[in-house]
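First the proteins, then the strands, lettered A, B, ... as listed; each starts at 1.
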Amino acid sequence: MQDGVVLTTVDDFLNWGRKNSLWPMTFGLACCAIEMMATGAAKYDLERFGCGAFMATPRRADMMIVAGTVTLKMATRVKTLYEQMAEPKYVISMGSCANKGGPYWQHGYHVLNGVDEVVPVDVYVPGCPPRPESLIEGVMTLQKKIANERLLRNKWVKHA
Amino acid sequence: MHNVDLNQLASLINKNVSGANATVNAAPDAKLDSSVSVEASHIYKVAEWLRSNTELPFNALQAISGVDYLDYMDVCYVLAHFDVDHPRELILKVRVTDRVEPKVDSIMKVYPAADWQEREVYDMFGIKFNNHKDLRRILCPDDWQGWPLRKDYVAQKFYNGMEVYPDNKMNFEDRDFIVRQAMIKKAQETKAQ
């Protein structure tokens, strides 16, 4: 009997499940998407962290990696995609463009100055574009963040 | 530009297309490219002749671009002839002086490749192409205001509720620094003269 019992808290159990099966959405906007693909491929193997299952629909995804330049034309689509995702949902902003507009920051009339203008961002990954190691670091940071969530104080539960 | 005697070509255009008024813009430097200018109202006929003639044909359109010179705007056509023995290239220019409602005839029927190229010039410079079958913006959103590559373009403040240059994220001093430096330099130059 003693061998078959594991004691844990509900929070820890749920967070453990969530953080180790983060399914990202198949969604790339520019050159950062190439690095994201490299991260998902054999050499860097995002699957080791439980988030290699790139889902082709926002309905099945837990995490959106905004990989690339968010133009104003695309920003409305990004927002729609974010709204279509089921909760709990997380956003990683990958690369300078998604973080703050990148090289288009000052003179690019067509680029949104940071994707956080339209969707709430959990983790920012700097770089232009970030190497796969950086994205993995970002994912691991997000996993740490999820591990410390409290279910009853959770923003999703509160506003349900 | 390449493998073409532009003077010969200009005289051929003038001979075959009446009123085209083709002139050669000789480059000041051998490294730069010379071009041929024609009347904006005759561009369709010139293109038709350039494609169908037997003396100096051009069977491909490589690119169309616009240039804003503040007083007028140019539309530049880069034509080419893909041929193993006599490959050649040509820059053809037309001048549009009307900035409020600039109009040029479309050459889409002659060179189908002009379809998206003309849409791009329309998108960036607001130059309308007569007889283009589907003249819409190609890069900017359909409801975008203004023509971004014009020299006097000022971006709109908001698009769909999103701020284009949010105050809290901009460093205007830094942004305007280059512009101010250019103005100071220009003022010093005029003063020196």
Other residues, nucleotides and ligands only: do more than 12 of their heavy atoms fall within 6.0 Å of [atom1] on [X]?
| X | atom1 | result |
| --- | --- | --- |
| Lys45(B) | NZ | no |
| Glu137(A) | CD | no |
| Trp23(A) | CH2 | no |
| Phe13(A) | CZ | no |
| Glu101(B) | CD | no |
| Tyr44(B) | OH | yes |

With a 4.5 Å heavy-atom cut-off, do [X] and [Y] have their side chains touching?
| X | Y | answer |
| --- | --- | --- |
| Thr76(A) | Met162(B) | yes |
| Leu72(A) | Asn160(B) | no |
| Trp105(A) | Tyr165(B) | no |

### Query
Going by the angle between their ring planes, with limits at 30° and 60°, are Tyr153(B) and Tyr109(A) parallel, tilted or perpendicular?
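Correct class here is perpendicular.
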#### Entry: Most contacts with chain A, counted as non-hydrogen pairs under 4.5 angstrom, among Ala155(B), Gly161(B), Pro166(B)
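Ranked by heavy-atom pairs under 4.5 Å with chain A, first place is Pro166(B).
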### Query
So how far is it from Glu117(A) CD to Glu163(B) CD, rounded to the nearest 0.5 Å?
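That separation rounds to 7.0 Å.
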#### Entry: Pairwise distance OH(Tyr159(B)) to NZ(Lys73(A)) - rounded to 0.5 angstrom
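Result: 8.0 Å between the selected atoms.
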### Task
Go through the atoms of Leu112(A) and report whether side chain, backbone, both or neither lie under 4.5 Å from a heavy atom of chain B.
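For Leu112(A), side-chain heavy atoms alone lie under 4.5 Å from chain B.
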